[in-house]
2 protein chains.
Amino acid sequence: MLQAHARATQALDTQMRSEHHLSVSSYEVLMFLGDAPDRRMRMSEIADGVLLSRSGLTRLVDRLCQLGYVTRCAAETDGRGQYAELTDAGAEKLRAARRTHLRGVREVFLGRLSPTDQIALGEIWKRFLATDPAGGGC
Amino acid sequence: MLQAHARATQALDTQMRSEHHLSVSSYEVLMFLGDAPDRRMRMSEIADGVLLSRSGLTRLVDRLCQLGYVTRCAAETDGRGQYAELTDAGAEKLRAARRTHLRGVREVFLGRLSPTDQIALGEIWKRFLATDPAGGGC
DNA sequence: CACGAGTAGTTGCAGGTACAACTATAGCAG
DNA sequence: CTGCTATAGTTGTACCTGCAACTACTCGTG
């Protein structure tokens, strides 16, 4: 049962990689930045959202930087802080990737589950997350 | 929604590592072997079940070998083939790990979902898998 | 201002994984 | 038997990730 999910996410990951040369983690970072005000976020905020360690995020942002999808800038108010900011190229990439992702999700999940199941699943996960908002699973 | 699962499996993985020094992949291999006739399976059979590449499995089995939980032996009928076979120590480890795992699953999932949700979830996943028995996700 | 505790982020290192290339064997056609 | 193709598994390499250690900065206290 857990396998089902593993296969599904792996399929999405592979699709994302082959079509955009982007890992799902990278895509998530882009998504967060795209939704954030001013398209920028603190490093640690992203790390929490993306479910990646800080060191992992540092390196991931480095890669995205090299690709030109984000830029970094120091926080004005906090000398320790770093912002990651989505560039125009990154926003463009995000748009393209989002299309792929939504299509993938449709294919993998929605194409195989009845609408009632989809709704039920959404409700269940919602309740599941509600029991532990911090997500600190155990 | 996908995050929920990621967090949950990661929690299980961490628990398994800390209590038994075993990754979930290793545990899965042990499980498959434990359920197999004669406690042995072909390398590629395991790789398919565990959702790991062949090279990944080779190295994982190597590690389990070093730990003394499995042994390898060539297939009699096929000179290319290799069997992985669970040792007594491996079987013992599996029993201990299974207890941890079941407890972990209870804590993470069953403790947070109502019984009706649990049943519904089971049904939905069953139908999901039924749409693609090969599991070749996309 | 000086100092100690805490926080943000980066870097060294090790572990685990996939991909591609490789070896060895099987199975079939001639 | 020889040669060709396919299959099983292993190895070289590179990537990604986390942990622990580290640097740099902030904040509160004296």
Q | Nearest atoms (heavy-atom pairs only) where A/E85 meets A/C73 | A | OE1-SG, 4.3 Å
Classify [X] by what it touches in the nucleic acid, base, sugar-phosphate, or nothing, heavy-atom distance under 4.0 Å.
X: B/R63; answer: sugar-phosphate
X: A/L52; answer: sugar-phosphate
X: A/R59; answer: base
X: A/S44; answer: sugar-phosphate
X: B/S23; answer: nothing

Q | Side-chain donor or acceptor of A/T100 paired with backbone N/O of A/M16 under 3.5 Å | A | no
**Q.** Check: A/E45 side chain, A/R42 main-chain N or O, donor-acceptor pair, under 3.5 Å
**A.** yes
Q. Going 5' to 3' on DNA chain C, which nucleotide is the first and which the last to come under 4.0 Å of a heavy atom in chain A?
A. C/dG6 to C/dC13
Q: Could you tell me whether the side chains of B/T116 and B/S114 share a donor-acceptor contact shorter than 3.5 Å?
A: yes
Q. Just by distance, with hydrogens left out, do A/S55 and A/S53 show a side-chain donor and acceptor under 3.5 Å apart?
A. yes
Are [X] and [Y] ion-paired here, with the side-chain N under 4.0 Å from a carboxylate O?
X: B/D88; Y: B/R39; result: yes
X: B/R99; Y: B/E19; result: no
X: A/D38; Y: A/R40; result: no

Q) In terms of the nearest nucleotide of DNA chain C, which residue is placed more toward the 5' end: A/T14 or A/D62? A) A/D62
Q. For the hydrophobic clusters of this structure (ILVMFWY residues joined by side-chain heavy atoms under 4.5 Å, transitively), does one cluster hold both B/V61 and B/L86?
A. yes
Q: Give the first and the last nucleotide of DNA chain D, reading 5' to 3', that has any atom under 4.0 Å from a heavy atom of chain B.
A: D/dT7 to D/dT13
Q | Heavy-atom side-chain contact between A/V29 and A/L52 under 4.5 Å | A | no
(Q) Quick one, B/L64 and B/L30 - any side-chain contact, counting heavy atoms below 4.5 Å? (A) yes
Q: Please work out which residues in residues 72-82 of chain A have a non-hydrogen atom less than 4.0 Å from an atom of DNA chain C and list them by number.
A: A/R72, A/R80, A/G81, A/Q82
